[in-house]
*Asks:* 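Can you keep this structure in mind? I'll have questions shortly.
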Amino acid sequence: MSAKPEADHVQPVRLADYRPTDYLIDSVHLDISLNPIATRVISRLSLRPNPAGVAGAPLVLDGGDLKPYRALLDNEALNLSEVSTPDRLTIANPPARPFTLEVETLLDPSANTRLEGLYRSGSAYCTQCEAEGFRRIAYYLDRPDVMSVFTVRIEADEREAPVLLSNGNPVESGEVGNGRHYAIWHDPHPKPSYLFALVGGDLGSIEDEFTTASGRNVKLAIHVEKGKEHRAHYAMESLIHAMRWDEFVYGREYDLDVFNIVAVPDFNMGAMENKGLNIFNDKYILAIQETATDHDYAGIETVVAHEYFHNWTGNRITCRDWFQLCLKEGLTVYRDQEFTADQRSRAVGRIASVRTLRAAQFPEDAGPLAHNVRPDTYSEINNFYTATVYEKGAEIIRMLRCLIGHEAYHNGMALYFERYDGKAATVEDFLSCFAESAGRDLGQFFHWYQQAGTPKLTARGSYDAETKTYTLDLSQATPPTPGQPEKKPLLMPIRLGLIGRDGQEIPLVQDNPASPREAKYGIFELADAQRRIVFKDVPSKPVPSLVRRFSAPVILDVDLDEDDLLLMMAHDSDPFNRWQAAQTLATRLLIRSTQLIRAGELPDFNPAFAEALGAAIEAGDADPAFAAQMAALPSEGDIARDIGSDVDPDAIFLARRALRSDIGKLLGERLLAVYDRLASDAPYSPDAASAGRRALRNACLDLYAAAHSSDGSEIAMRQFQAGANMTDQMAALAVLSAYATQQRERALDSFFRSHADEPLIVDKWFSLQAMIPEPETLARVKRLMHNHAFSLTNPNRVRALIGAFATGNPTGFNSADGAGYRFVAETVLKLDEVNPQVAARLLSAFRSWRNLEAGRRALAREALELVAGHSALSPDLRDIVARSLA
Ligand code: B3K
Ligand code: ZN
């Protein structure tokens with residue numbers, strides 16, 4: 001159990017206080033003898049004074065709840081009670097020359113429910129060390145700028161753990177008698193401790209091979225629970241595609257003889273990029289058509305690639321300190337987004353990334369948890385693995401590339417790899433490579449890393465028919481965020497075009513273009529608070545299409561009327577902005593209806609918008625995945641975010657339901673015609689084209705059912721019973737779950753009975769029910785917590801049931817009586833004793849509480865205060881609740 005009373009006294013860490021360590025660790029030998037409750041760890045560190053550190057300084061190693069048994073300095077025994085506590089080992093006067101430190105500790109992996117350090121998942125042993133988990137295995141300088149060469153000997157019971165893995169290459173293995181065996185691994189690449197990993201277990205595996213561009217042979221293996229090997233093939237294909245892509249696009253080759261992936265059922269996040277031994281949440285490895293949806297397949301492709309790409313962006317070049325987390329995460333997300341765009345549809349990929357950014361990062365940036373992409377301070381680093389660091393971090397790289405162009409971007413990356421390979425770098429180091437490759441100062445661009453909050457970009461256009469000029473006035477402002485009242489203007493690329501009334505693109509002609517990229521690519525730079533751009537030879541009043549491809553992560557305010565937006569929906573040459581125009585129109589309509597409903601009036605409708613949507617859906621054969629995106633209205637969360645204050649989630653829900661029903665009514669049989677036309681007898685394939693077709697078909701059914709519940713439910717029931725694949729089954733079940741009928745309960749029961757032994761499918765069943773927008777749902781969720789398939793110790797189960805309720809059921813979580821808030825707060829407190837990281841993450845569901853209408857705001861505050869008032873919170877949870885209430 002992990003809750004720590006001293007949590008209140010955790011001192012924040014500050015970037016400004018960074019200094020190099022006083023000692024370096026050249027090599028580490030770990031000897032780990034696995035046992036379920038008494039694993040023995042002997043660590044032998046070769047240390048020496050750091051020339052960049054303070055001479056004669058004490059050596060202070062980090063520990064985390066460790067039980068040391070023996071410590072030797074250059075083979076001389078140390079008095080443990082003098083030098084060690086569970087959280088620290090201090091040598092007051094270490095030698096001023098190289099020396100060795102050997103420490104023996106005993107761990108209980110079975111009791112480790114926080115899933116940090118060495119723990120058990122099922123019968124296997126595995127580790128998670130990022131960010132500060134290694135100190136729960138051995139005393140160490142547990143910070144990323146200490147890079148060392150690791151050699152690891154693992155010993156275990158041969159029957160319990162026939163498979164023994166660690167980082168690097170296998171060196172030797174054999175018997176030791178008594179039914180035990182061992183394996184030795186050596187990783188030639190110096191690495192920080194957070195990339196250490198170990199796995200032992202009775203696992204099944206699939207194998208393959210990869211020959212790198214320079215002819216090195218690499219043995220690939222994916223290890224999974226026995227009996228699930230056949231579900232790992234898609235992940236293997238994805239890995240091979242990712243390896244090829246990184247060679248082709250970035251010139252990066254893999255650098256060891258083996259690459260191992262292990263999938264475990266208990267994991268705090270998606271996956272972990274440990275050198276040569278990536279460990280995954282099994283949700284991001286296991287897939288066959290009977291168990292996984294198209295969405296799951298896409299997730300596997302992305303996450304497998306993401307972790308692989310870390311080998312260069314994160315592992316070979318790591319972070320100097322945890323403030324630089326975006327250096328590896330933002331960059332690697334950008335790389336995985338581009339990989340996905342190349343494997344699938346670029347426009348759909350971009351829309352999906354922007355949806356995620358807006359749903360996860362914009363609310364963070366607008367609330368009490370807002371922070372810089374590179375924070376200045378933190379109390380608990382695990383709480384900074386956020387959408388801001390990851391997704392906004394990726395947007396910054398995308399903007400950088402847009403500003404300096406493809407060539408300078410890739411030259412800058414090549415410089416970065418050349419200069420910082422094998423080092424621990426900073427964001428400044430990274431940007432200096434691009435300043436050099438592009439030959440320009442990027443000082444102002446750096447503000448993106450140092451300033452929280454989403455900038456608002458305002459655009460106003462005016463047309464002069466006489467001179468045939470069009471004047472565009474742009475201005476930017478970033479609202480204050482906690483601790484940052486004043487904001488500087490940011491340097492942002494704005495990709496734009498002008499559309500004529502006939503739907504044709506108007507050439508961009510200016511007297512004095514600021515750069516050749518403006519006319520050539522339509523990429524304009526906004527660096528100041530304001531900028532005026534005057535276009536000549538514009539034949540008639542144009543419609544400005546701004547921030548194409550979402551070239552900068554801003555909130556755009558532009559004075560387009562309904563006709564302009566309909567024109568963009570139909571004709572914009574940028575598919576992203578065709579989609580954006582539909583979203584903007586729908587959002588306006590939904591906000592208006594929300595206001596009307598709150599005033600006791602009927603919601604509004606716009607048949608022209610519904611017709612335009614119908615046209616996009618019917619034209620969907622060319623790119624069904626794109627059409628499916630068009631058909632998906634802004635979520636309740638999107639609308640709440642755009643309303644911004646005095647939010648009433650019930651009114652938003654009603655407005656959205658009414659709009660969906662009106663669209664379904666107006667388009668009626670036309671939706672069914674598309675649904676029928678897209679039916680297919682072909683065997684299931686998870687490829688992007690087939691997935692897109694299923695997505696559009698299911699979107700049609702969903703909209704149709706919104707207006708024709710009994711007819712729609714019948715079609716959904718037939719689709720559910722046909723059970724062709726998990727994608728179509730889940731889509732059908734989602735339609736059925738919207739209506740409180742016997743039929744729904746029967747379908748849910750039969751789904752559970754068919755899949756009760758498949759935790760990843762049961763998770764879908766939990767989530768679907770947790771998201772039913774009915775007052776009874778909270779009771780249902782509480783009941784489901786007693787289902788034998790549920791467990792607070794498995795993060796996937798917690799996220800599937802409690803997480804889905806807190807973040808995927810706005811009317812349930814925000815019920816006007818506060819019961820949803822209380823339930824989540826109480827569950828978080830229970831969870832904190834088991835797994836603080838997952839508990840802290842769950843509490844961030846409250847991040848937008850200040851935007852709620854007064855009644856709910858007071859109730860949400862009460863729930864947060866209930867958490868804050870608890871006596872023994874983990875540092876993780878303490879940090880989130882304190883910042884949420886501040
Ligand atoms: N680097 C890990 C995340 C570690 C989270 C630690 N709390 C996975 C990833 O981003 O690839
Ligand atoms: Zn990552």
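We count ligands from 1, going down the list as the structure has it; atoms in each ligand are counted the same way. These numbers come from a predicted model, not from an experiment. In what follows, residues are counted from 1 in the order of the sequence shown.
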*Asks:* Can E116 be said to touch ligand 1, with heavy atoms closer than 4.0 Å?
*Replies:* no
*Asks:* With atoms numbered from 1 as shown, which atoms in ligand 1 lie under 4.0 angstrom from a non-hydrogen atom of H306?
*Replies:* 9 (C), 10 (O), 11 (O)
*Asks:* Mind telling me whether F445 and Y449 have parallel, tilted or perpendicular rings, with 30° and 60° as the class edges?
*Replies:* perpendicular
*Asks:* Drop me the distance from D376's CG to D17's CG, to the nearest 0.5 angstrom.
*Replies:* 11.5 Å
*Asks:* Would you call the rings of F323 and Y378 parallel, tilted or perpendicular, taking 30° and 60° as the class edges?
*Replies:* tilted
*Asks:* Say whether, by atom type as modelled, one donor and one acceptor occur between the side chain of N794 and the main chain of P265 under 3.5 angstrom.
*Replies:* yes
*Asks:* Is the backbone N or O of M269 less than 3.5 Å from a side-chain atom of N281, with the two atoms forming a donor-acceptor pair by type?
*Replies:* yes
*Asks:* Using a 4.0 Å cut-off to any heavy atom of E273, which atoms of ligand 1 qualify?
*Replies:* 1 (N), 2 (C), 8 (C), 9 (C), 11 (O)
*Asks:* Considering only heavy atoms of Q837, which atoms of ligand 1 have at least one such atom less than 4.0 Å away?
*Replies:* 7 (N)
*Asks:* Check whether any N or O atom of Q128, backbone or side chain, sits under 3.5 Å from an N or O atom of ligand 1, and answer yes or no.
*Replies:* no
*Asks:* Give every protein N, O or S atom lying under 2.8 Å from the Zn ion (ligand 2), naming each by residue and atom.
*Replies:* H306 NE2, H310 NE2, E329 OE1
*Asks:* For the pair T113 (side chain) and V834 (backbone), establish whether a donor and an acceptor sit closer than 3.5 Å, ignoring hydrogens and angles.
*Replies:* yes
*Asks:* Would you mind listing which atoms of ligand 1 come within a distance below 4.0 Å of any non-hydrogen atom of N382?
*Replies:* 6 (C), 7 (N)
*Asks:* Counting only N and O atoms by type, is there a donor-acceptor contact under 3.5 Å from the side chain of N169 to the main-chain atoms of H186?
*Replies:* no
*Asks:* By number and element, which atoms of ligand 1 are closer than 4.0 Å to a non-hydrogen atom of K328?
*Replies:* 1 (N)
*Asks:* Check ligand 1 against M272 and write out every atom of the ligand that is under 4.0 Å from a heavy-atom position of the residue.
*Replies:* 1 (N), 2 (C)
*Asks:* Should you measure from each heavy atom of H310, which atoms of ligand 1 turn up under 4.0 Å away?
*Replies:* 9 (C), 10 (O), 11 (O)
*Asks:* Applying ring pair (Phe, Tyr, Trp, His ring centres under 6.0 Å), can you list everything that pairs with Y250, at least two apart in sequence or on another chain?
*Replies:* W245, H410
*Asks:* Do D296 and T293 have side chains that approach each other closer than 4.5 Å (heavy atoms only, starting at C-beta)?
*Replies:* yes
*Asks:* Has N112 got a side-chain atom pairing as donor or acceptor with L118's backbone, closer than 3.5 angstrom?
*Replies:* yes
*Asks:* Among F280, Y385, W322, whose heavy atom sits nearest atom 5 (C) of ligand 1?
*Replies:* Y385
*Asks:* Taking atom CZ of R88 as the centre, report whether more than 12 heavy atoms of other residues, nucleotides or ligands fall under 6.0 Å from it.
*Replies:* no
